[in-house]
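Since the structure comes first, as structure tokens, the remarks are kept for the end.
Here the structure is a predicted model, which means the values were calculated and not measured.
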Amino acid sequence: MEGTLQTGSIVVGVDTSTSSMTALDWATEYAQDAHAPIHLVHGFSHDRPDLVFNMGADPEDLYAAGERVLVRARNRIQLRDRMIQVSTSHPDGYPAAALVRASAHAQLVVLGSHGDSMLHISSLGETAHQVAAHAACPVAIVRKDSAVESAFGRITVGVDRSDLAAKALAWAFDEAERTGAEVLALHAWQPRDAKDPGLGSADWASYTAACRSQIEGAIAQQQVQHPKVKVLTEISDGNPTRSLVRESHASDAVVIGARGSGGFEGLLLGRVARDVLGHATCPVVVMH
């Protein structure tokens, strides 16, 4: 059953997993500050090995279990803030599809890095990966061990010269102004050799200077709109994934574009975004 979704809601995917509850708490705090309603989505996860092809599972029992998940999630929100408007959806089928549909009307989709599947083999669950790749709005992925109420006071944003990086920078500034945090704008890139096509006809020093000029220009535009936000800029020769994961240990969130300036046309989720989602220790927000 699909419930009514208010435009601009914070959409949250919920199940029985620990990371889902951590994501719900993070989304609740975000909704409080943003004065936004929350829309809860619970879909039946088909990949649980104990429920293959629904063997031994009565559809009515599965539906009732899902309704209990939604009731508990609603109660968890209202224990923190009864003023938050909460709506729910309990669609049939894969949860990723329902969350992607909802993203067309949401301001943010939030879900845990792993659901209640018993197959926790990869560093990022399949639902989280699919939603991060296909959503129409920003997506926040929260790991079960994320410090939801951390007090680092820093939003780290991965920047390059892509349009999505500009969106990530704008989101980071908005969030920093809302929470009183500082922004760390981080650009790291590792040329394979002196003939790396990414350098073109320039050497590393020239590339760094040109990159810094463009990135600092983008930052200056944001500072005009957010003059009270403190900004740190780091441009280095290094592995971008390692740099962003390292900074995640001292950040309230890492913000990145779904894909950077590299890769091929049509790529939905770049290598850096995928790897940061799998290994960062704080919530990661992916921009589309």
**OP:** Taking the side chain as every heavy atom from C-beta outward, state whether L111 and V139 have any atom pair closer than 4.5 Å.
**Re:** yes

Original post:
Can you find a heavy atom in the side chain of L277 that is under 4.5 Å from one in the side chain of L269?
Top reply: yes

Original post:
Where do S251 and C282 come nearest, in terms of heavy atoms and distance?
Top reply: O-CB, 3.4 Å

Subject >> side-chain contact (heavy atoms from CB on, under 4.5 Å) evaluation trace for E29 with R80 >> reply: CA-CA 9 Å; E29 184 175 340; R80 295 181 63 130; 4.3 Å; yes

Subject >> Residue pair R101 / P91, side-chain heavy-atom distance below 4.5 Å >> reply: yes

Subject >> Whether over 12 other heavy atoms sit under 6.0 Å from D163 CG >> reply: no

**OP:** Drop me the distance from H288's NE2 to R259's CZ, to the nearest 0.5 angstrom.
**Re:** 12.5 Å

Original post:
Can you tell me if S17 and H114 form a side-chain donor-acceptor pair at under 3.5 Å?
Top reply: no

Original post:
Do L244 and L184 share a hydrophobic cluster (ILVMFWY, side-chain heavy atoms under 4.5 Å, transitive)?
Top reply: no

Subject >> Heavy-atom pair of closest approach, residues S113 and R143 >> reply: OG-CA, 3.6 Å

Original post:
OG/S19 to CG/L24 distance, rounded to the nearest 0.5 angstrom?
Top reply: 11.5 Å

Original post:
Can you get from V255 to V229 by hopping between Ile, Leu, Val, Met, Phe, Trp and Tyr side chains that sit under 4.5 Å apart?
Top reply: yes

Original post:
Is the shortest heavy-atom distance from the side chain of M21 to the side chain of R72 under 4.5 Å?
Top reply: no

Subject >> Value rounded to 0.5 Å, distance of CZ in F173 from CD1 in I219 >> reply: 6.0 Å

Original post:
For the side chain of D252 and the backbone of G153, is there at least one donor-acceptor N/O pair under 3.5 Å apart?
Top reply: yes

**OP:** Return the minimal non-hydrogen interatomic distance between G158 and A165, and the atom names on each side.
**Re:** O-CB, 4.3 Å

Subject >> Validation row: T156, R154 side chains within 4.5 angstrom (heavy atoms) >> reply: yes

Original post:
Rounded to the nearest 0.5 Å, what separation is found between the CD1 atom of I215 and the CZ atom of R161?
Top reply: 7.5 Å

Subject >> Atom pair OG1/CD1 of T28 and I77 - distance to nearest 0.5 Å >> reply: 4.5 Å

**OP:** Decide whether M287 and V142 are clustered together by the hydrophobic rule: side chain heavy atoms of Ile, Leu, Val, Met, Phe, Trp, Tyr closer than 4.5 Å, transitively.
**Re:** yes

Original post:
Nearest heavy-atom pair of G112 and A128: which atoms, and what distance?
Top reply: O-CB, 3.8 Å

Subject >> Gap between atom NE2 of H134 and atom NE2 of H129 - 0.5 Å precision >> reply: 8.0 Å

Subject >> Partner of V14 under side chain to side chain contact (heavy atoms under 4.5 Å, CB included), chosen from L40, T88, V110, V41 >> reply: L40

Original post:
Does atom NE2 of H105 have more than 12 heavy-atom neighbours from other groups under 6.0 Å away?
Top reply: no

**OP:** Please step through side-chain contact (heavy atoms from CB on, under 4.5 Å) for the pair D160 and H187, ending with a clear verdict.
**Re:** CA-CA 6 Å; D160 57 17; H187 175 82; 3.9 Å; yes

**OP:** Only one of V285, V254, L124 passes side chain to side chain contact (heavy atoms under 4.5 Å, CB included) with I141; say which it is.
**Re:** L124

Original post:
Any chance CZ of R178 has more than 12 other-residue heavy atoms, nucleotides or ligands included, within less than 6.0 Å?
Top reply: yes

**OP:** Please examine the side chains of S87 and Q6, heavy atoms only from C-beta on, and report whether any two atoms are closer than 4.5 Å.
**Re:** no

Original post:
At their closest point, which heavy atom of T127 faces which heavy atom of P95, and how far apart are they?
Top reply: OG1-CG, 3.9 Å

Subject >> Heavy-atom closest contact (S89 atom, L70 atom, distance) >> reply: O-CD1, 3.7 Å

Subject >> Side-chain heavy atoms of V231 within contact of Q222, under 4.5 Å >> reply: no

Original post:
Would L164 end up clustered with I256 when hydrophobic side chains under 4.5 Å apart are linked, directly or stepwise?
Top reply: no

**OP:** Show the numbers, then the answer: is there a side-chain contact (heavy atoms from CB on, under 4.5 Å) between V109 and V131?
**Re:** CA-CA 9 Å; V109 172; V131 175; 4.0 Å; yes

**OP:** Report the C-alpha separation of D174 and Q225 in whole Å, then their side-chain angles, then the decisive distance to 0.1 Å, and conclude whether the side-chain contact (heavy atoms from CB on, under 4.5 Å) test is met.
**Re:** CA-CA 9 Å; D174 287 343; Q225 302 175 49; 5.9 Å; no

Original post:
I10 versus Q107: any side-chain heavy-atom pair under 4.5 Å?
Top reply: yes

Original post:
Is a salt bridge present between E234 and R246, judged by a nitrogen-to-oxygen distance below 4.0 Å?
Top reply: yes

